[in-house]
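A short write-up of the structure that comes next.
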Number of protein chains: 2
Amino acid sequence: MAQKIKLSTIAEALGVSTATVSLALRDSPLVAETTRERVKAYAREIGYIYNRRAASLRTSRSGIVGVVVHDIMNPFFAEILKSIESELDRSKQTFILSNHYDSVEKQRDFIETLLQLGADGVIMSPAIGTPAEDIKLAERNAMPAVLIARSVDGVSTPSFRGDDSFGTGLATDHLIELGHKRIAHIGGTDQTSTGRDRYAGYRQAMDRAGLKVREDWRISGPRTKLAGFEAAEAFLNLPDRPTAAVCWNDLVAIGLMNGLIRSGYSIGEDFSVTGYDDLQEAAIATPALTTVWNGQREVGRMAAKTLVARINEHPTVTGLQLISPELHVRKSTAAPKPDR
Amino acid sequence: MAQKIKLSTIAEALGVSTATVSLALRDSPLVAETTRERVKAYAREIGYIYNRRAASLRTSRSGIVGVVVHDIMNPFFAEILKSIESELDRSKQTFILSNHYDSVEKQRDFIETLLQLGADGVIMSPAIGTPAEDIKLAERNAMPAVLIARSVDGVSTPSFRGDDSFGTGLATDHLIELGHKRIAHIGGTDQTSTGRDRYAGYRQAMDRAGLKVREDWRISGPRTKLAGFEAAEAFLNLPDRPTAAVCWNDLVAIGLMNGLIRSGYSIGEDFSVTGYDDLQEAAIATPALTTVWNGQREVGRMAAKTLVARINEHPTVTGLQLISPELHVRKSTAAPKPDR
DNA sequence: CTGAAAGCGCTTACAG
DNA sequence: CTGAAAGCGCTTACAG
């Protein structure tokens, strides 16, 4: 490696000051156009690389935004990330991604790392059990936060997510209208706000229709395709076997459908299944999945926009912002068999 | 926000020098244990945050590693990333992720960003058409690189991937042994080394068995579930309709199976389908997918280990390192119908 | 075992 | 329109 090239290398070669070089490279109108072009051309020629650490030490702006989610392998988050990415690209922010796998510990480490790197802000889907204090830690150190998909009690941080209880109600109502009376609820737990909201939406819809909500028709836990697949057996062994299942998300629904098909059942005919999120995959599953669109695109876009606004100290909304979900009816739901 | 807390804040409060504080915080044995403890306790108490930008400016080590892949939403990369993540965690490196979506331009921007941030190294699955020069740019600026999944001609950078032509041969041989004679090849292009290798493995296996390789039995392109789903129609319209399909990867295979099932066919019975990668999903697909294990875990682990070694200037392997794939037979393949 | 001082590579008032 | 100088917050020889 040759000698390190820095601002002063250019300054000396061109017989100007580093201040001029610095301004020229950033297209400052304070520098004469000819000088500016000369500097930029020479910088390009010798392969100058801007040292952001040095600049950021000086300006205390890093151009880095952190994003923490449960698991980027989850297509639900992946779809949100994509829209965050395209929004942040626009404002030239680099983003650092991390999974917390629902470990508050791991999440705190990441926040600490972002603080050390001088990140300008953070978008997070908080881990189960995140204390308000952890969010405040970021904000207190001049790193504004925005929450997605889940909320945290005790903070007024802007927070974007779908209206889960309403959405699950939509799916449940749909099954009830088709004539189902015994409807199970599969996946999720009471440990997250989302889990509580979705189950509440299901309960309320059942109540409204005067149908019995049975605790033993709830199979808690599954949130992945594999877990949904494995839940098929438990579902088939449920007392007074239900004719339909409201699933926590599309992954669980697709896994469950695969498991039921393996056991020789036909979805739509023998059982009806609904998902949640409307992932790209829902439409091409076999059978095509009836599900609730959860506005991933919107959530990502609005979260990123809001964070950028907060970073630039523009006023923004605060607190919970609900996106209204929509039911997308496909082939995985139908009227129950008449003989039951 | 209160006054910014820095090393000197602690030094003044405790009546020691910043040098001592700096050493104490990093557990240097040069500092007396009592002093060390006193410093650390006080730093914790007042909520001191280590400024990595300042440290890194001084030491020219950032603790950042970049990872660029085509698309993290692709479960194949997601599985590799997971193993990179757990390996990097061990050496306390923060990693920054970026998708290049096969844009050489976007990839170059990211390398430039990493250079500006003073990243210690980069792991990349190079975009289609990546010139050797782009890899050299990183290395010339003291940022060692390691390649995964794809290679780039003209560089000796360590490069980890599965033996694609051998693996595709395995899948093709399996179909031939089952008695298939008309076998299509679906997905991928000649623009990547992987694409060329996989198609070559298929060709060679067909040749060895004395079977005809027909260009019109190759459906190029699809690499996603959706594309595989859409390719079902093209497959069904192939001249002298094949009885089996060797697919580019599991996503294409699963999509294709869904498409064929939608058209009323039964996989295993009417057509045999093989995948590639052995994603977690392959085992729970319906029917369970016969596929080729591609060692994602291994690739990620070895790539990360090698990069860390290079960063620490330890000697490492160079050039292409092939991981040997294995055939996993499941339910999506069977003997062709006797009447054909 | 501890301290004083220089320097990493930028940007930002300030002066001219 | 341009330059000289200070300073962002660390770490690292060097001296004691």
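Note: hydrogens, waters and symmetry copies are ignored here, and every other heavy atom, side chains too, is used. To find a chain, count down the sequence lines: A is the first, B the second, and so on, and within it residues start at 1.
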Answer with base, sugar-phosphate or nothing: what part of the nucleic acid does [X] contact at a heavy-atom distance below 4.0 Å?
X	answer
A19(A)	base
G15(A)	sugar-phosphate
T35(A)	sugar-phosphate

Tell me whether the OP1 or OP2 atom of dC10(D) has a side-chain N or O from Y48(B) closer than 4.0 Å.
yes
Answer yes or no: does a side-chain N or O of T20(A) lie under 4.0 Å from OP1 or OP2 of dT2(D)?
no
Closest to the [X] side chain, choosing from [options]:
X	options	result
S22(A)	dC10(C), dT11(C), dG9(D)	dT11(C)
Y50(A)	dC1(C), dT11(D), dT11(C)	dT11(C)
A54(A)	dT11(C), dT2(D), dG9(C)	dG9(C)
V16(B)	dG3(C), dT11(D), dG9(C)	dG3(C)
R26(B)	dC10(C), dT12(D), dG9(C)	dT12(D)
L7(A)	dG9(D), dT2(C), dT11(C)	dT11(C)
R58(A)	dC8(C), dT2(C), dT12(C)	dT12(C)

Is it true that [X] and [Y] have a side-chain N and a carboxylate O under 4.0 angstrom from each other?
X	Y	result
R301(B)	E298(B)	yes
R140(A)	E133(A)	yes
R223(A)	D102(A)	yes
K106(A)	D89(B)	yes
E79(A)	R297(A)	no

State the pairing partner of dA13(C); accept Watson-Crick or G-U wobble contacts with both distances under 3.5 Å, and report none otherwise.
none
Answer for the Watson-Crick or wobble partner of dA4(C), both distances under 3.5 Å, is none
Separation of atom [atom1] in [X] from atom [atom2] in [N], rounded to whole Å:
X	N	atom1	atom2	result
L30(A)	dT11(C)	CG	P	13 Å
R61(A)	dT12(C)	CZ	C1'	16 Å
L14(A)	dC1(D)	CG	C1'	16 Å
I10(A)	dT11(C)	CD1	P	11 Å
R53(B)	dG7(C)	CZ	C1'	18 Å

By nearest-heavy-atom nucleotide on DNA chain D, the more 5' of E33(A) and L23(B) is E33(A)
